[in-house]
Amino acid sequence: MKLRHALAFVILPILVVLTILQGGALLTRSYMNEASLQAGTTLRLAVAALGGHLSRYEPLPALIADHDDIEALLQSPADPDLRRTANQYLKEINGLLESSDIYVMTPDGNTIAASNYEAPGTFIGQNFDYRPYFQEAIAGQQARFYALGTTSLKRGYYFSSPVEVGGTILGVIVFKVDIDTIEASWRGGEYEIFVADPEGIIFMTGNETWLYNGILPLDAPRLARTQASRRYAEAELKPLPVAESVYYGQHLMRIASEGATREYLRLSHYMPEADWTVNVLLDTASVRAQARTTLIAILLFICLAGLGLAVLWQRRARVVERLRLQEEARNELEHRVAERTADLARVNEQIELEIAERRLTEQELRKTQADLIQAGKLAGLGQMSAALSHEFNQPLAAAKTYADSAALLIDRGRVPEAQDNVRRISALVDRMASISRHLRNFARKPNEKLGAVPLPDVIADTMEIVTPRLKAADADLAIELDEQAFIVRAGPVRLQQVLVNIISNAADAVEGLDDRRIRLFARREGDLVVIEVRDHGPGVPAAIADRIFDPFFTTKGVGKGLGLGLSISYNIIKDFGGNLSVTNHPDGGAVFRIVLHVAARAQEAAE
């Protein structure tokens, strides 16, 4: 009995030492993970606030660039009346949108109109041709840039757009957004939030002492790149004394400031559209203090428990021997349970790791599939290029003939006949422009909402694209609509893509056959519209009928298709809430059947 008491007094200090050595690290790690989750929420909110604030202003430069006063000024930049009108317009728009500044520049970079034309530090007369936002916009692109104004010495985010009139870029309009309001909301909070550029220079922060400090070494290449665009004007750039480390997967940053060093938990998020990184810092002093407090509480509990056990052992000295066997058995059982629990924990951790890896793989596959879908559509356009070349060459040759003939007719004084030739040339140009417009709409990635779509209009647009393919295959397409105006619930561009894919496949199926007829029929069945495309080709073999809508499945030869057309079409119709299926016609050939819902507007009109 005395031996057991002695062992108890030996084990208790050992347990305390182990708790101090191991428990502190475990508690700190646990609280770090919890703090990281909370900081992650703050980071997401900060990123969302920044992105939302900037996205409100992104389309505005292009809209203002189309204003008549702006276009007129750039066509006659020396006209004082036009300058005065443009200045007043920019001032009104700037006040209405609560932006920082709006100004207009000529192709040489000189500012000729600005919303701050009455202010002492007006931009009028200033040249900003060294700014990347001007260089990109004068080249015909929408541009973004964040910097410290060289004239106003105020930080801001710049949106720029070219001003184009008649196909010629006459100048650039710039929209500057103030970011001070967002920065002010970061001050005085639990977290330190700052935004750094690709060179590691802090551009926005709730801590003013960190502004224009670099968290990366300010070496010569970084300073040269920053100075080339004069992003920070004449502001003094200096390094921020930082030291970074990793603690059980958490990124820590130590910053020396005002004679003291503070440790922060750091979370970052890169915003590619703005080309900066948002960082959230949480002072780890509170986390470590919380871990120490919990550790002390655990130690006190262990000491109290040890004291209670000692008292209990003294009181139960007479029964200890009798319970010894039961105690040993219980200890053995607990040991086995602990081993089994540890095994299960390891297995569970491995399963969670595998799940995370599979989710990552799934995300990569979805991105790859999206890219391949667009590639498949562009590949379809490529396959029609030869026929389209013929479609363009014929009008061009005819236009050349009409032009030569018109010249001769004018020389001979036959002006009415020459005018008729000119009208014919204009009609040919309109024809080529229509084909080009439909191809451009078909090739772009759609970003449209579902709504009421007139089916005849979509079919007409589809014919503009597939007519060259039908001519190349010498196929005859007959269109039958049992009503003059179907209104279906869909997206016009994506529905056009489906019809182009199906009709093109039908042309492939009948090419080289004796019977090259293709029939497109649409009818209404209650609240549904059924569209059927039937060819007189060989049909769909039963062996591949179940896989014909699978991605990358194709019966064409190498280099003649990616096997994505029908898969894309199937998913598009599903997105519309409809259905796409294929069957073989009893008389031969394949029948593709599209079922769509009648749009609500059409139903109300019918009622």
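A quick note: this is a predicted structure, and the numbers were derived from the prediction, not measured. When a residue number appears, it is its place in the shown sequence, counting from 1. Hydrogens, waters and symmetry mates are skipped; everything else that's a heavy atom, side chains included, is used.
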Exercise. Is the number of heavy atoms from other residues, nucleotides or ligands under 6.0 Å of Glu98 CD greater than 12?
Worked result: no
Exercise. Just wondering, are more than 12 heavy atoms of other shown residues or ligands nearer than 6.0 Å to CD in Glu349?
Worked result: no
For this session: Kindly indicate whether the side chain of Trp210, heavy atoms from C-beta on, has any atom under 4.5 Å from the side chain of Leu240.
Result: yes
For this session: Using a 4.5 Å cut-off on heavy atoms from C-beta on, say whether the side chain of Tyr191 contacts that of Leu281.
Result: no
Exercise. Can you list the steps and then say if Ile102 with Lys176 is a side chain to side chain contact (heavy atoms under 4.5 Å, CB included)?
Worked result: CA-CA 6 Å; Ile102 309 175; Lys176 182 179 179 182; over 6 Å; no
For this session: State, yes or no, whether a side-chain contact exists between Trp186 and Val195 at a heavy-atom distance under 4.5 Å.
Result: yes
Problem set entry | Basic-acidic side-chain contact under 4.0 Å: Glu244, Arg254 | no
Seminar exercise, completed: Tightest non-hydrogen contact, residues Ala113 and Asn87, listed as CA-OD1, 3.2 Å
Problem set entry | Short side-chain to backbone donor-acceptor contact, Thr284 and Glu263, under 3.5 Å | yes
Problem set entry | Audit row: Leu170, Glu71, side chain to side chain contact (heavy atoms under 4.5 Å, CB included) steps and yes/no | CA-CA 8 Å; Leu170 301 181; Glu71 294 179 350; 5.9 Å; no
For this session: Would you check, one step at a time, whether the test side-chain hydrogen bond (donor to acceptor under 3.5 Å, both in side chains) holds for Thr85 with Asp69?
Result: CA-CA 7 Å; Thr85 302; Asp69 292 340; 5.9 Å; no
Seminar exercise, completed: Here the pair of heavy atoms bringing Leu216 nearest to Pro198 is CD1-O, 4.4 Å
For this session: For the pair Asn116 (side chain) and Ala119 (backbone), establish whether a donor and an acceptor sit closer than 3.5 Å, ignoring hydrogens and angles.
Result: no
Problem set entry | Gap between atom CD1 of Ile255 and atom CZ of Arg262 - 0.5 Å precision | 9.0 Å
Exercise. Would you say Leu282 and Glu190 make side-chain contact, with heavy atoms under 4.5 Å?
Worked result: yes
Exercise. Is the shortest heavy-atom distance from the side chain of Leu252 to the side chain of Tyr264 under 4.5 Å?
Worked result: no
For this session: Starting from the C-alpha separation in whole Å, work towards a yes-or-no answer on side-chain hydrogen bond (donor to acceptor under 3.5 Å, both in side chains) for Gln142 and Ser161.
Result: CA-CA 5 Å; Gln142 304 286 333; Ser161 176; 3.0 Å; yes
Exercise. Donor-acceptor pair, Thr277 side chain versus Tyr270 backbone, under 3.5 Å?
Worked result: no
Problem set entry | Heavy-atom side-chain proximity of Gln38 to Thr42 below 4.5 angstrom | no
Exercise. Is there a donor-acceptor pair under 3.5 Å between the side chain of Thr122 and the backbone N or O of Glu118?
Worked result: no
Exercise. What pair of heavy atoms forms the shortest contact from Ile215 to Ala196, and how long is it?
Worked result: CD1-CB, 4.4 Å
For this session: Measure from the side-chain N and O atoms of Asn127 to the backbone N and O of Asp108, and report whether any donor-acceptor pair falls under 3.5 Å.
Result: yes
For this session: Check Pro61 against Ser160 and note the closest heavy-atom contact, atom names and distance.
Result: CB-C, 4.3 Å
Problem set entry | Test item: Ser30 side-chain N/O and Leu26 main-chain N/O as donor-acceptor pair under 3.5 Å | no
For this session: Evaluate the criterion ring pair (Phe, Tyr, Trp, His ring centres under 6.0 Å) for residue pair Tyr57 and Phe175; output intermediate values, then yes/no.
Result: CA-CA 8 Å; Tyr57 299 99; Phe175 198 100; 5.5 Å; yes
Exercise. What's the spacing between Asp129 CG and Arg131 CZ if we round to 0.5 Å?
Worked result: 11.0 Å
For this session: Look up atom CZ in Arg346 and atom CG in Asp343, then write down how far apart they are to the nearest 0.5 Å.
Result: 4.5 Å
For this session: Output yes when a side-chain donor or acceptor of Arg83 lies under 3.5 Å from a complementary backbone atom of Pro77, and no otherwise.
Result: yes
Problem set entry | Non-hydrogen side-chain atoms of Leu267 and Asn279 separated by less than 4.5 Å | no
Exercise. What are the two closest heavy atoms between Ile70 and Ile64, and how far apart are they?
Worked result: CG1-O, 3.7 Å
Seminar exercise, completed: Separation between CD1 (Ile298) and OG1 (Thr293), nearest 0.5 Å, reads 11.0 Å
Problem set entry | Donor-acceptor pair between Thr361 and Arg358 side chains, under 3.5 angstrom | no
For this session: Answer with yes or no after comparing the ring centroid distance for Phe194 and Trp276 against a 6.0 Å cut-off, counting only values under it.
Result: no
Exercise. Below 4.0 angstrom, N of the basic side chain to O of the carboxylate: do Arg494 and Asp575 qualify?
Worked result: yes
For this session: Using the salt bridge (Lys or Arg N to Asp or Glu O under 4.0 Å) rule, take Arg144 and Glu58 through it: C-alpha gap first, then chi angles, then the decisive distance, then the call.
Result: CA-CA 9 Å; Arg144 287 180 165 204; Glu58 184 173 12; 3.0 Å; yes
Problem set entry | Worked verdict on Ile573 versus Val498 for side chain to side chain contact (heavy atoms under 4.5 Å, CB included) | CA-CA 8 Å; Ile573 298 301; Val498 172; 4.1 Å; yes
For this session: Using a cut-off of 6.0 Å, state whether more than 12 heavy atoms not belonging to Tyr146 lie near its atom OH.
Result: yes
Exercise. So with a 6.0 Å cut-off around NE2 of His251, is the heavy-atom count from everything else above 12?
Worked result: no
Exercise. Is any side-chain heavy atom of Met271 less than 4.5 Å from a side-chain heavy atom of Val47?
Worked result: yes
Exercise. If you round to the nearest 0.5 Å, how far is CG of Leu73 from CD1 of Ile173?
Worked result: 10.0 Å
Exercise. Hey, what's the ring geometry for Tyr103 with Phe128, parallel, tilted or perpendicular (30° and 60° as the breaks)?
Worked result: tilted
For this session: Applying side chain to side chain contact (heavy atoms under 4.5 Å, CB included), run through Phe576 and Leu495 and close with a yes or a no.
Result: CA-CA 9 Å; Phe576 295 163; Leu495 181 57; 4.0 Å; yes
For this session: Return the minimal non-hydrogen interatomic distance between Ser36 and Gln250, and the atom names on each side.
Result: OG-OE1, 3.2 Å
For this session: Starting at OG1 of Thr205, measure out to CD1 of Ile193 and round the result to the nearest 0.5 Å.
Result: 9.0 Å
